Amino acid sequence: MNIHEYQGKQLFKMQGLPVQNGIHCKTIQEAVNAYESLGSEIVAVKSQIHAGGRGKGTLYNPETNELVMEGGVKIAFNKEEVEKYATSILGNKLVTKQTGTNGKIVNNVYIEAGCSIAHEYYLAILIDREMKMPLIMASIEGGMDIEEVAENDPEAIHKIHVDLSKGLLDSQINTLCNSLKLNEIAAKSFAEMIKGLFTLFVEKDCSMVEINPLVRTTNDDMVLLDAKVGFDENALFRHRDILDLRDLSEEEATEVKAKDTGLSYVKLEGNIGCLVNGAGLAMATMDVIKLYGGEPANFLDVGGGANEEQVKTAFSIILDDPAVKGILVNIFGGIMRCDIIARGVIGATQALDLDVPLVVRLVGTNFEEGRKILSESDLNIHTAETLAEGAQKIVSLIGGEK
């Protein structure tokens, strides 16, 4: 789960970490009032979306798709400029490298007091799944696309793995300070900051904390000028305060609907909807669809104990995607009985007036009864004995279109 920068800054501030004063705003007037309240002649007007690259993004009118302004983060030197930038940002679509061409509508801005910057750095704490421990990455090359730095000068990114049984060691902090070429004053500020940031990372079950840029001021203080924070969703039951920060408008609507129903759904770029029970089987189903020339439109795992109503919901979620031209149902009956799936398929087909090709492959518990239920219906449902046959049929029925 991701949160906005302004929310990340609130967490940092509660942890005693160094951030600039800032005010979250949802309207143009709130932005103007924020400028006056902060008492800083220079402020940053920052678009708030769940994506990086905002500063280099482009704002478009969501209705006409006309260019509104280059850059989703602007420096304002007076009240009039704050009003101008807030007007250009709020309600418009911001397109960055991370949003894709569809972009995201900006409903929030963050007005942040200016900072006297001497140098910009990059800092991140991640989970290295291969090493099974947190990884701290830091670079003296901050304030730019870290991907380009990693590609063109990988040695400029310094990495430290932290053994949680030992914690973040002073020797590791000294190594980071030396890597960033910090003087004595800045190193002391960095040490206090990284200790607090790492504590936050662990205590809040973060999956990522990225600061780009981390800045050294002209007074050699280290300030967190950015806050890109993500959390392990499997641990959110321990953090109701973090769950309250969720902005559902930033998430795929169908994925939110699926999650509320207890289904695992991820939207993809293809046109063949997939309804499968079991994550491994779902992955295999997508692979076989691609093998026969098709493109899956989604990952959808209904789990081992879905009922008829959940199957109907799963169909409605798949059909919410206008790109879907056909659906493949692939069920291996274990705990889930194939006859229940069959009734759910028929109920969904009738309720939703399904008008795209549907192929169903059932095997396992009560599969014969399930197939009989499907065959005795007067609906246009195609059955398959094997996954390969099912994939071939659905690709053929939609004309092999990708």
Side-chain angles (χ1 to χ4, degrees), residues 1-9 22-38 42-114 143-145 147-148 210 212-213 225-228 230 245-257 266-271 297-298 317 319-324:
M1 187 194 97
N2 296 320
I3 60 175
H4 289 294
E5 175 193 1
Y6 77 88
Q7 295 169 317
K9 294 282 181 68
I23 299 174
H24 165 230
C25 308
K26 296 184 74 69
T27 68
I28 297 167
Q29 188 58 53
E30 286 180 358
V32 172
N33 293 343
Y35 176 78
E36 295 176 337
S37 298
L38 286 172
I42 302 172
V43 300
V45 183
K46 298 183 172 185
S47 304
Q48 299 293 287
I49 60 170
H50 289 179
R54 292 169 295 158
K56 294 185 178 180
T58 305
L59 285 150
Y60 297 92
N61 183 302
E63 296 180 359
T64 66
N65 214 36
E66 293 179 349
L67 174 66
V68 175
M69 182 174 70
E70 294 288 351
V73 176
K74 291 292 187 180
I75 303 301
F77 295 88
N78 52 56
K79 182 173 66 175
E80 289 72 27
E81 288 188 346
V82 169
E83 182 176 7
K84 171 187 171 183
Y85 293 140
T87 301
S88 297
I89 290 172
L90 285 169
N92 286 317
K93 178 177 67 176
L94 180 59
V95 177
T96 77
K97 286 184 177 180
Q98 294 188 14
T99 65
T101 56
N102 290 333
K104 286 179 176 285
I105 301 297
V106 184
N107 298 311
N108 303 272
V109 294
Y110 188 51
I111 311 300
E112 186 174 55
M144 62 176 69
D145 294 328
E147 295 84 0
E148 293 182 10
E210 184 179 53
N212 191 22
L225 213 58
D226 183 32
K228 189 175 181 183
L245 301 178
R246 186 166 224 150
D247 184 351
L248 296 180
S249 68
E250 287 284 328
E251 301 181 27
E252 183 70 39
T254 48
E255 292 183 11
V256 173
K257 180 180 178 181
V266 179
K267 187 181 182 304
L268 301 174
E269 300 298 322
N271 57 10
N298 63 268
I317 288 170
L319 293 172
D320 279 344
D321 183 353
V324 169

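Every value quoted in this text rests on a predicted model; they were computed, and no experiment measured them.
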Taking side chain to side chain donor-acceptor pair (under 3.5 Å) as the definition, give me every residue that meets it alongside [X], ordered by chain and number, with sequence neighbours left out.
{"X": "S37", "result": "none"}
{"X": "Q29", "result": "N33"}
{"X": "Q48", "result": "E5"}
{"X": "T27", "result": "none"}

Which salt bridge (Lys or Arg N to Asp or Glu O under 4.0 Å) pairs, counting each pair once, include a residue from residues 77-90, with sequence neighbours left out?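 Pairs touching residues 77-90 that pass the test: E36-K79.
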Which pairs pass ring-ring contact (aromatic ring centres under 6.0 Å, His included) with one or both residues in residues 49-102, sequence neighbours excluded?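 ring-ring contact (aromatic ring centres under 6.0 Å, His included) check on residues 49-102 returns H4-H50.
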Does [X] have any salt bridge (Lys or Arg N to Asp or Glu O under 4.0 Å) partners at least two apart in sequence or in another chain, and if so, which?
{"X": "K97", "value": "D145, E148"}
{"X": "K93", "value": "none"}
{"X": "D321", "value": "K267"}

With sequence neighbours excluded, tell me which residues meet side-chain contact (heavy atoms from CB on, under 4.5 Å) with [X].
{"X": "L38", "answer": "N21, I23, V43, I111"}
{"X": "T99", "answer": "I49, A51, V95, T96, K104"}
{"X": "T64", "answer": "N61, E66"}

Does any non-hydrogen side-chain atom of L90 lie less than 4.5 Å from one of I28? yes
